[in-house]
Enquirer: 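My structure is below; once you've seen it, I'll send some questions.
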There are 2 protein chains.
Amino acid sequence: MTPDASSSSIERLVAVLVVIFTVEAGKLRILLIRRSADPFKDHWSLPGGRLLPADSLAEAATRRLEVETGVTDVFLEQLYTFSDLDEAGSIAAAYWALVDPNRAKLPDRLEWQPRWYAVDDLPDLAFLNGNVVQYAVTRLRNKLAYSNVAYSLLAAEFTLSQLQQVYEAILGRSMDKRNFRKRIISLDIIEPTGRFSGQGRHRPAQLYAFKERRPVVF
Amino acid sequence: MTPDASSSSIERLVAVLVVIFTVEAGKLRILLIRRSADPFKDHWSLPGGRLLPADSLAEAATRRLEVETGVTDVFLEQLYTFSDLDEAGSIAAAYWALVDPNRAKLPDRLEWQPRWYAVDDLPDLAFLNGNVVQYAVTRLRNKLAYSNVAYSLLAAEFTLSQLQQVYEAILGRSMDKRNFRKRIISLDIIEPTGRFSGQGRHRPAQLYAFKERRPVVF
DNA sequence: GCAAAAGTGTTCTCTGTACACCCATGT
DNA sequence: ACATGGGTGTACAGAGAACACTTTTGC
């Protein structure tokens, strides 16, 4: 047995990718970085990297999320594991995360220039990252319907209108205000805090908080 | 850099596991094999094995499924990728499959002695395979509600009663015959073949077939 | 007083569920 | 004739969708 390329070894290069979502300015966005090396130099791609010795997949994904956004206590879940994103036969475990845009601070001095892109207006992506993003968007939309994952996209307190805007941005359609409120309240996942958002020349809005700031499935 | 154990290499051992389901004698069952080597010698475990050079994950899972059951053209889907099933830091990509018990022929001369076990009466499993099975059962139950995956558990033609028994075995509860038929027919995934099952001292049953014998999501 | 967003109910349709009897066949 | 599984319809309840006006505040 020759000890040369990975394609003849019994072991494999294993990488982690992270699809980091946020909702900002009424749009669902993901974080992309610009590749500084070949292959696909100067193309945009999902943040990711090699799995280090003794890393679990979740640890590697968490670390990469923190490097890019500075946050760790957010929703983060495995998405799918690909074995055909490149020609080298490496394995890529994709994760997805949801972050509040006001908490995520992108380190803009980094050489890979992280940037938020609206998912309905993405640039060409390196490798087959476009497939990964599509898969992640589908999973997010499904999960929104039967879990409280939206907690991870909002501040601790928020108005019902803000929550509705998050849902509308993710699902890509507008909803009826009365039906949305009825449904969310009947799910019993949020509660009024008693405080009000007193800003703007209009009636102040009741502030709400999620009862659980961790994943709950209905 | 030392070339010794996998825990100090940048590459990883990658394995594939397969949770192979069937429904037989009114019970949801999975295929287990008896380990012939340490660790966990003589314990039961899920079939699996190393990812060979140039294998994709799906190829490795398909091959393992064929070795165990002789079938390949069945429902097979990735489940989850684990990095903490053993202490060696290896990566295990779990898949799940659905097979018709009449087509799966277990090679009973194999040293690992494959056997069907009812999921509600499993023996102690090696590694953390119990978690994997639980996860697969949950996924199967969910998927049953919004896809046609049951096609892969039945012969090409079947009666509505046989189909209902499959659903009841998977979900672990009995259903009303009239409501079941109404719902399945309204899903528009099966059609009558015009032939009848003329066996038994009772009225012959209309035979049905799935319109698509490949995964369709509603 | 006016602009802007907050807040609130009713009606209808559709889906899921509960429930019981006759039919065709083999022995 | 009887035992066995095959086959069928109706009524009720709950969920989701459509739809418009009043309230509170800042300016």
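Source: prediction; values computed, not measured. Throughout, a chain's letter reflects where its sequence line sits, starting with A, and its residues are numbered from 1. Note: hydrogens, waters and symmetry copies are ignored here, and every other heavy atom, side chains too, is used.
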Enquirer: Restricting to side chain to side chain donor-acceptor pair (under 3.5 Å), what partner residues turn up for B:Arg103, sequence neighbours left out?
Expert: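 Residues passing side chain to side chain donor-acceptor pair (under 3.5 Å) with B:Arg103: B:Asp73.
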Enquirer: Who pairs with A:Arg183 by salt bridge (charged side-chain N to carboxylate O under 4.0 Å, His left out), at least two apart in sequence or on another chain?
Expert: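 Here no residue qualifies.
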Enquirer: For a quick check of understanding: with a heavy-atom distance under 4.0 Å over all strands, which category does B:Ser161 fall into, base, sugar-phosphate or nothing?
Expert: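 Counting heavy atoms under 4.0 Å across all strands, the contact made by B:Ser161 is with sugar-phosphate only.
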Enquirer: So which pairs with a foot in residues 119-136 of chain A pass salt bridge (Lys or Arg N to Asp or Glu O under 4.0 Å), sequence neighbours left out?
Expert: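 Residue pairs with at least one partner in residues 119-136 of chain A: A:Lys27-A:Asp120.
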Enquirer: Assuming nearest nucleotide by heavy-atom distance, tell me which of B:Gln206 and A:Ser186 is located more 5' along DNA chain D.
Expert: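 By nearest-heavy-atom nucleotide position, the 5'-most residue is B:Gln206.
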Enquirer: For A:Tyr151, enumerate each residue passing the side chain to side chain donor-acceptor pair (under 3.5 Å) test, keeping only those at least two apart in sequence or located in another chain.
Expert: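 Partners of A:Tyr151 by the side chain to side chain donor-acceptor pair (under 3.5 Å) criterion come out as none, since no residue qualifies.
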Enquirer: Any salt bridge (Lys or Arg N to Asp or Glu O under 4.0 Å) pairs touching residues 160-171 of chain B, not counting sequence neighbours?
Expert: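 Residue pairs passing salt bridge (Lys or Arg N to Asp or Glu O under 4.0 Å), neighbours aside: none found.
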Enquirer: Under 4.0 Å between a side-chain N/O of A:Arg183 and OP1 or OP2 of D:dA15, yes or no?
Expert: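 Answer no for this pair, as no side-chain N or O of A:Arg183 is under 4.0 Å from OP1 or OP2.
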Enquirer: Does anyone know the first and last nucleotide of DNA chain C in reach of chain A, 5' to 3', at under 4.0 angstrom to a heavy atom?
Expert: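 So the contact region on DNA chain C extends C:dA3 to C:dT10.
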Enquirer: Restricting to salt bridge (charged side-chain N to carboxylate O under 4.0 Å, His left out), what partner residues turn up for A:Lys182, sequence neighbours left out?
Expert: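 Partners of A:Lys182 under the salt bridge (charged side-chain N to carboxylate O under 4.0 Å, His left out) test: none.
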Enquirer: Report all interatomic pairs (protein N or O, nucleotide N or O of nucleotides 23-27 of chain D) with separations under 3.5 Å.
Expert:
{"residue": "D:dT23", "atom": "O2", "partner": "A:Arg203", "partner atom": "NH1", "Å": "3.4"}
{"residue": "D:dT24", "atom": "O2", "partner": "A:Arg203", "partner atom": "N", "Å": "2.9"}
{"residue": "D:dT25", "atom": "O2", "partner": "A:Arg201", "partner atom": "O", "Å": "3.3"}
{"residue": "D:dT25", "atom": "O2", "partner": "A:His202", "partner atom": "N", "Å": "3.3"}

Enquirer: Return the value, rounded to whole Å, for the distance between atom CZ of A:Phe218 and atom P of D:dG16.
Expert: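 Distance, rounded to whole Å: 11 Å.
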Enquirer: With sequence neighbours excluded, what pairs up with B:Lys177 under the side chain to side chain donor-acceptor pair (under 3.5 Å) test?
Expert: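 Expected list: none.
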Enquirer: Can you list every salt bridge (Lys or Arg N to Asp or Glu O under 4.0 Å) pair that touches residues 150-162 of chain A, not counting sequence neighbours?
Expert: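 Pairs touching residues 150-162 of chain A that pass the test: A:Glu157-A:Arg195.
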Enquirer: Inspect the contact between B:Glu59 and B:Arg63 and indicate whether a charged nitrogen and a carboxylate oxygen are less than 4.0 angstrom apart.
Expert: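 Not counted as a salt bridge, because no side-chain N and carboxylate O are separated by less than 4.0 Å.
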Enquirer: Enumerate the residue pairs fulfilling salt bridge (Lys or Arg N to Asp or Glu O under 4.0 Å) with a member in residues 131-146 of chain A, sequence neighbours excluded, ordered by first and then second residue.
Expert: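 Non-adjacent pairs meeting salt bridge (Lys or Arg N to Asp or Glu O under 4.0 Å): A:Glu77-A:Arg139, A:Glu77-A:Lys143.
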Enquirer: I need a per-nucleotide contact map over nucleotides 9-14 of chain D, read 5' to 3'. Cutoff is protein heavy atoms under 4.0 Å; write B for the base, S for backbone only, - otherwise.
Expert: BB----
